[in-house]
Protein chains: 2
Amino acid sequence: MANPTPRRGYHHGNLRAELIEASFALLAKHDLAEFSVAKAARAVGVSTASPYRHFADRDHLLAAVAAQAALELAARVRADVAAVPEDDPRERFAITAGTYVRYVAERGAGFSIIFSTPLARLDDAELADAGRALMRLLLDLARDALGGGPPEDALLLLERHTVAAHGYATLLRDGFFSSRRPKDTVGTIAARAAQASRELRVGG
Amino acid sequence: MANPTPRRGYHHGNLRAELIEASFALLAKHDLAEFSVAKAARAVGVSTASPYRHFADRDHLLAAVAAQAALELAARVRADVAAVPEDDPRERFAITAGTYVRYVAERGAGFSIIFSTPLARLDDAELADAGRALMRLLLDLARDALGGGPPEDALLLLERHTVAAHGYATLLRDGFFSSRRPKDTVGTIAARAAQASRELRVGG
DNA sequence: GTCTATAAATAGATAGAC
DNA sequence: GTCTATCTATTTATAGAC
C-alpha cells in the first residue's frame, strides 16, 4: 500500500502476463512446433533466462497459455450465445462451433493444447479447472438445445458438435481449405461449422 | 543387368524407403514437432548425413511420407469399402470415417500432413497427385452415397464427413478422449466417427 | 551411397551478478 | 526479478574421404 507502482527489475512488472500474451501471438502465426520459450522472451524484450523466474519450464508456460485459452474461449462462447435469442437454444448452441473456429484462427490455441496429454500430466489445477468449466458450459448449452431427453443424447450432441468445430478449425489451420477453395476465409469456414452443428440430429 | 544385386555402400540398398518407414514409426509414436531427420536416420541405423543423399531436406522427406500416406489411405479406403455390400453405398461411404481414424492412429499421418501448407509449397507432384486422388476417391463414394442429386450436395457431404473423421482423429491423438472417457479406444472412436458420418444428412 | 567430421543455429535450462 | 554468461543437447545441412 506504500507503493502502488512497485519497483520492477528493468522494464517489467508484468512479465508473466506478457509472456503468455506473446506466446499466443507466436501460436497464432506458427505451429506449436515452432514455439519456444526463447522466442516468447525475445518478443517481449527480455533475456531468455527471465521466463524461468515465472515458469518452471516450457510446458508450464504452455499450460498457462492453455488455461487462459480455455477461459477466453468460455468468455467468447458466453458473449456469442448472449447475442442469440433465448427462445432459440438450438441456435445458441450451434453458433458456438463458429465461435471456436474463429477463436482458434485468431489465437492459435484450442482443444489440442487445452486437453493435450503432455500438459495434462503436469496436473496444473488452473488448466484442469478451466478445461472442465469450458466443457461444462458447452454441455449445458447442448442440454438446453435438446430441451430434455436422455442425458446421453446431450453428450453425443456435444461430442459431434465438438468434433465438427475442431475438425473445421484444424483443417483450416493446416491449409486443407485454402488449397481446395482459395476463397474460403475464417468467416466462411466458421459459418459452415455452425451450419454443420445446426444440422446435427441425435437420438431421433 | 550384369549385377542383379548392385553393390551398396554399407548395409542399405533401400535407404529411401526405410527412411520413410522409420518416419512413419516416429510420427505414430510422437508429434510431428518431435520428428527429425536425425532420429529417422538413427532408427534405420545410418549416419545423420545419409538421408540427404535421398531427400533435399527435412520437408522433402516429410513430403514423401505424406505422399505415401495418401496412397496408403486410399488403399485402405478401397479395401474397407470393398467389404461393404455394393447395394449400400451410403454405408460404404460412412465407414471410411472409421478407416481414417484407424489409419491416423496407427501411422500418425493424415490430412494435416498430406495437405499441410509448408509441404504444399514444395510443389511435389507425387504428393499433389496422391492427395488429389484420395479426395477424388472419397468424392466418388460421397456421390454414390447420395445416388444422384446436385453436385454441391456431394461436396458438402464430403466436407462434413471429412471434418468429422479428422475431428475424431485429431482429438483422439491429442488426448481429448482419454482424459474424458479413459475406456475409449481407437476402435470405439473409429466406430463413433463412422456413426457420425452415417447420420449426416445434406440438402434435404 | 554411405561414412566421419564439422559448422552454424537454436533451444532448454542453470549459476551468479546486480 | 531481471541480466549476462554459460553449459549441454539437438538439429539441419555440408564437405570430403572411401
Side-chain angles (χ1 to χ4, degrees), chain A residues 2-23 25-27 29-66 113 116 118-119 121-122 124, chain B residues 2-23 25-27 29-66 113 116 118-119 121-122 124:
Chain A
N3 196 340
T5 328
R7 280 281 53 89
R8 48 243 151 70
Y10 288 58
H11 51 304
H12 282 97
N14 208 15
L15 184 53
R16 186 191 149 92
E18 290 192 44
L19 285 168
I20 292 174
E21 198 54 36
S23 299
L26 291 174
L27 292 174
K29 292 275 176 202
H30 312 93
D31 259 1
L32 175 59
E34 288 162 79
F35 168 84
S36 77
V37 177
K39 277 179 190 158
R42 281 194 292 268
V44 168
V46 297
S47 76
T48 61
S50 299
Y52 293 93
R53 286 289 137 184
H54 298 272
F55 303 99
D57 55 27
R58 181 193 137 111
D59 276 355
H60 280 84
L61 168 51
L62 285 174
V65 171
I113 177 169
S116 89
L119 298 190
R121 283 197 233 282
L122 301 183
D124 179 313
Chain B
N3 196 341
T5 327
R7 281 279 55 87
R8 48 244 153 66
Y10 288 59
H11 50 303
H12 282 96
N14 209 15
L15 184 52
R16 185 190 149 93
E18 289 192 45
L19 285 168
I20 292 173
E21 199 54 36
S23 299
L26 291 173
L27 291 174
K29 291 275 176 205
H30 311 92
D31 258 0
L32 176 59
E34 287 162 80
F35 168 84
S36 76
V37 177
K39 278 179 190 159
R42 281 194 293 268
V44 168
V46 298
S47 78
T48 62
S50 300
Y52 293 93
R53 287 287 135 184
H54 299 271
F55 303 99
D57 56 27
R58 181 193 138 110
D59 276 356
H60 281 85
L61 169 51
L62 285 175
V65 172
I113 178 169
S116 88
L119 299 190
R121 282 197 235 283
L122 301 183
D124 179 312

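The figures that follow rest on heavy atoms only: side chains count, while hydrogens, waters and symmetry mates do not. Within every chain, numbering begins at 1; the chains are lettered A, B, ... in the order of the sequence lines, protein sequences first and strands thereafter.
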Whole angstrom is fine here: how far is it from CZ in B:Arg58 over to C1' in D:dA13?
13 Å
Assert: residue with more 5' nearest nucleotide on DNA chain C, out of A:Glu34 and A:Ala49, is A:Glu34
Would you please name every residue forming a salt bridge (Lys or Arg N to Asp or Glu O under 4.0 Å) with B:Glu34, sequence neighbours left out?
none
Proximity to the side chain of A:Ser36 - top-ranked nucleotide from C:dG12, D:dC3, D:dT11
C:dG12
Considering every strand and a 4.0 Å limit on heavy-atom distances, what is the contact class for B:Ser47: base, sugar-phosphate, or nothing?
base
Length of the CG-P vector between B:Leu62 and D:dT11, whole Å
14 Å
Considering only heavy atoms from C-beta outward, does the side chain of B:Val65 approach that of B:Phe55 to under 4.5 Å?
no
If I take atom CZ in residue B:Phe55 and atom C1' in nucleotide D:dT12, what distance separates them, rounded to the nearest angstrom?
15 Å
note: A:His60, atom NE2; C:dA13, atom C1'; distance rounded to Å ~ 14 Å
Could you state the NE2-C1' distance from A:His54 to C:dA13, rounded to the nearest angstrom?
16 Å
Please report, rounded to the nearest Å, how far the P atom of D:dT2 is from the OH atom of A:Tyr52.
15 Å
Residue pairs fulfilling side-chain hydrogen bond (donor to acceptor under 3.5 Å, both in side chains) with at least one residue in residues 57-66 of chain B, sequence neighbours excluded
B:Asp57-B:His60
Look up atom CZ in B:Arg53 and atom CG in B:Leu19, then write down how far apart they are to the nearest 0.5 Å.
13.5 Å
Compare every heavy atom of A:Ile20 with every heavy atom of A:Ala64, then report the nearest pair and how far apart it is.
CB-CD1, 3.8 Å
Between A:Ala56 and A:Arg42, which has a closest nucleotide on DNA chain C that is more 5'?
A:Arg42
How large an angle, rounded to 10°, do the end axes of the helix from C:dG1-D:dC18 to C:dC18-D:dG1 enclose when each is built from five base pairs?
0°
Working to the nearest 0.5 angstrom, can you tell me the gap between B:Phe35 CZ and B:Ile113 CD1?
8.0 Å
At 4.0 Å (heavy atoms only), tell me whether B:Arg16 reaches a base, stays on the sugar-phosphate, or touches nothing.
nothing
Find the distance B:Asp57:CG to D:dT12:P and express it as a whole number of Å.
10 Å
For a 4.5 angstrom cut-off between non-hydrogen side-chain atoms, does A:Leu119 reach A:Leu62?
yes
Where the side chain of A:Val37 is concerned, which of D:dT2, C:dG12, C:dT2 is the nearest nucleotide?
C:dG12
Considering every strand and a 4.0 Å limit on heavy-atom distances, what is the contact class for A:Arg53: base, sugar-phosphate, or nothing?
base
Atom pair distance, as rounded to whole Å: NZ in A:Lys39 and P in C:dT10
9 Å
At under 4.0 Å, does any side-chain N or O of A:Ser50 touch on OP1 or OP2 of D:dC3?
yes
